[in-house]
Amino acid sequence: PKGYTRDYLDGKIRLEDQEALVQQAYLATRAISDVVLCEGTGHCAVGSIVHASNAQVASWLDAKMVLVANGGLGNTFDE
């Protein structure tokens with residue numbers, strides 16, 4: 001939502017609350033689903049400023065993670 005990053009940096013949103021909301025949404029979905037596929041953002045570092053990168057969210061959910069990325073000479077790791 002608009003202003004989320006600023007609110008997080010200003011301390012209006014706590015990391016623990018953010019993590020709990022993500023976990024609650026995941027558990028609610030899992031309870032009514034045979035399979036849950038969590039798709040991350042298009043860039044590995046998106047969300048890192050609020051401590052919610054793809055890898056961090058996967059760890060909150062104890063989810064296995066597969067990184068699909070473009071490769072090749074001249075590309076950076078997080079590209």
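We're numbering straight along the sequence, starting at 1.
Applying the salt bridge (charged side-chain N to carboxylate O under 4.0 Å, His left out) test to every pair with at least one member in residues 30-45, sequence neighbours left out, gives no pairs at all.
In terms of heavy-atom proximity, His51 sits nearest to Gln18 at O-NE2, 4.2 Å.
In this structure, Val22 belongs to a hydrophobic cluster whose other members, linked by side-chain heavy atoms under 4.5 Å apart, are Tyr4, Tyr8, Leu9, Ile13, Leu15, Tyr26, Leu27, Val36, Ile49, Val50, Val57, Trp60, Leu61.
Residues Asn54 and Val46 are not in side-chain contact: their nearest non-hydrogen atoms beyond the backbone lie 4.5 Å or more apart.
Residue Asp62 qualifies as open at atom CG: its count of foreign heavy atoms under 6.0 Å is 12 or below.
For the atom pair Gln24 CD and Glu19 CD, the distance stands at 11.0 Å (nearest 0.5 Å). The CE atom of Met65 sits 11.0 Å away from the SG atom of Cys38 when rounded to the nearest 0.5 Å.
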